[in-house]
Amino acid sequence: MANENKLQAIIGHAKEYGFVFPSSEIYDGLGAVYDYGQWGVELKRNIRDYWWRWMTQMNEQNIVGIDAAIFMHPTTWKASGHVDNFSDPMIDNKDSKKRYRVDHLIEGFAETLPEADGKALLEQMEQLLAADDFAGLKTLIENNKIKCGVSGTVNWTDIRQFNLMFSTQVGSVAEESNEIFLRPETAQGIFVNFLNVQKTGRMKIPFGIAQVGKAFRNEIVARGFIFRMREFEQMEMQFFVRPGTQKQWYEYWKEQRMEWHRTLGIPESKYRFHDHVKLAHYADAACDIEYDFPMGFKELEGIHSRTDFDLTQHQTYSKKKMQYFDADLDENGKAYGNYIPYVIETSIGLDRTVLMILSEAYVEEDLSTEEKQDSRVVLKFIPKLAPIKLAILPLTKKDGLPELAEELMKECRQHFKCFYEEKDTIGRRYRRMDAIGTPFCVTIDHQTKEDQMVTIRHRDSMEQERVPMSEVKNIVMKAINA
RNA sequence: GCGGAAGUAGCUCAAUUGGUAGAGCGAUAGCCUUCCAAGCUAUAGGUUGCGAGUUCGAGACUCGUCUUCCGCUCCA
């Protein structure tokens, strides 16, 4: 299937079978916002839970989790750099339709001038930027006849500001309220709690703090289904290390995170690392793990060596010492003493991971034989991630078969998500379960009443086998934990 | 943001030059001791995205608007 069609097919399937709905659809929807339906939410929770257990329980490193609030003190975002770095005034050239950051446009022009003139221009620009004087900036551009590099014209729109962060007010009376932001990343909730966790948890470096939660970004153009949403969920882990060891830990986490991806059963060829050449202001090394989505290789997860930038910033703004006392001895037999830890960040988009799992699982199979045409759509989730683990299907809805099915339901639903269905032909029920990725179906027939044996049907192979009803729970549990 | 295309039942699509909005699948309720979709019966579901205009009459024509998709741009 052509890739662009595959994305369309996945979007259609996700909506049709209760995985992902457009937000507020009855009111024509809300751009770049989606809701998870009854099966989507199970899939998403399974991914989230697996990531959480892998980080905070299964990992050999010492990692604990937190759940910080979405609302944070406004100074957080000054310290992090989000206020200054993500609210740049922009201007569009009406002829070329090209958009520029105003400061980049003027700086670029200033470089073409004699040094003294360029310097004077930049000083004017700085003053106007500091005063948020957009009209003045536009006048400055026009007076200097700064042209668009593409169209060569000076036909500019008004200057507009694009804020990455959504804001809202805290306080019941508007005049007395304070503007606060919805967090654009979860990481800062970890950094501002660094001391709390380190002290109350008696954490020794190296250690990590994990968090899963919503973040919000006012993307100018948000497209690609649940790939780029304005409200999205991140799974982040900040790993605090001794300064000077960040490089080896960076490499360690690159490998560790790829190991996690391997356990999802996705071929390694569908992934690649993309090393950042141009580094963000806070990083001394950074890379992305990219996955081959239906629309091409795109960033799924970022691994960043964030240095001590964040903790130092918070120390500066909060005037609280973000120090750690390291009693371990160095090669000279001296304690490492006080320092601000360096940080390795792993940050993966949960919604993007859902899209990856859906993309990987979605298969249209042609089952035609010479006698008749046949096909099915099946979601080949690994059992661990499947929304429903087991469907229990009495062959007919009488003769005591539903009663036997209910017995099995009673036992199994204590351990995993089950689905009961007695309507329609058995084949139709199998196919419905294929479409939502249920790995196992168990059929109870008349023979079951005699010998307590049931038919278990495997989703991917469509093969069936007779097993004792008492074994069903264990078979499914084993597959989930594999 | 710009350009292009498209919006009809849950889904896929019909509806002669403007003349009573339909089908298949799906869904629901039944029938059939029914192990891999499309057996039988019945039922529900639509102000044709929304709003104006032209017309005796608009799903169709005109304008506006909203949404989605594709490309560009932007951001990360």
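Quick caveat, the model's predicted, so the values are computed rather than measured. Each chain gets a letter, A, B and so on, in the order its sequence line appears, and its residues count up from 1.
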With A:Lys270, which residues qualify under side-chain contact (heavy atoms from CB on, under 4.5 Å), at least two apart?
A:Ile266, A:Pro267, A:Tyr291, A:Asp292, A:Glu360
Please confirm whether [X] makes a cation-pi placement over [Y], using NZ or CZ under 6.0 Å from the six-membered ring centre and within 45° of the ring normal.
X        : Y        : answer
A:Arg257 : A:Trp253 : no
A:Arg457 : A:Tyr430 : yes
A:Lys254 : A:Phe273 : yes

A:Glu236/A:Arg183 ion pair, N-O < 4.0 Å
no
Once side-chain hydrogen bond (donor to acceptor under 3.5 Å, both in side chains) is applied, do any residues pair with A:Ser359, and if so which ones, sequence neighbours excluded?
none
Step by step, work out the side chain to side chain donor-acceptor pair (under 3.5 Å) result for A:Tyr420 and A:Glu422.
CA-CA 7 Å; A:Tyr420 177 80; A:Glu422 58 183 31; 2.7 Å; yes
Give, ordered by number, those residues of residues 342-353 of chain A having at least one heavy-atom distance below 4.0 Å to an atom of RNA chain B; if nothing qualifies, reply none.
none
For nucleotides 9-11 of chain B, give me every protein contact, N/O to N/O, under 3.5 Å, one pair per line with atom names.
from	atom 1	to	atom 2	distance (Å)
B:G10	O2'	A:Glu16	OE1	3.3
B:C11	O4'	A:Glu16	OE1	3.4

Per the 3.5 Å Watson-Crick/G-U criterion and a run length of at least three, the stems involving RNA chain B are B:1-7 with B:66-72, B:10-13 with B:22-25, B:27-31 with B:39-43, B:49-53 with B:61-65
Just by distance, with hydrogens left out, do [X] and [Y] show a side-chain donor and acceptor under 3.5 Å apart?
X        : Y        : result
A:Gln188 : A:Ser80  : no
A:Gln464 : A:His458 : no
A:Asp284 : A:Ser305 : yes

Between atom [atom1] in [X] and atom [atom2] in [N], what is the gap in whole Å?
X        : N     : atom1 : atom2 : value
A:Ile456 : B:C36 : CD1   : C1'   : 16 Å
A:Lys449 : B:U33 : NZ    : C1'   : 8 Å
A:Glu421 : B:G26 : CD    : P     : 14 Å

Touch check for A:Asp434, heavy atoms < 4.0 angstrom, all strands: base, sugar-phosphate only, or nothing?
nothing
Output the single nucleotide from [options] whose closest atom is nearest the side chain of [X].
X        : options             : result
A:Arg217 : B:A76, B:C36, B:U33 : B:A76
A:Thr396 : B:A37, B:C70, B:U33 : B:U33
A:Arg432 : B:C69, B:A29, B:A27 : B:A27
A:Arg431 : B:U33, B:C35, B:A37 : B:A37

Checking the side chain of A:His304 only, and the main-chain atoms of A:Arg306 only, is there a donor and an acceptor separated by less than 3.5 Å?
no
Short heteroatom pairs, N/O only, protein and nucleotides 38-49 of chain B, under 3.5 Å:
from	atom 1	to	atom 2	distance (Å)
B:A38	N6	A:Gln373	O	2.2

Tell me whether the side-chain N/O atoms of A:Gln8 come closer than 4.0 Å to OP1 or OP2 in B:C70.
yes
Side-chain donor or acceptor of A:Arg457 under 3.5 Å from a matching atom on the base of B:C36?
yes
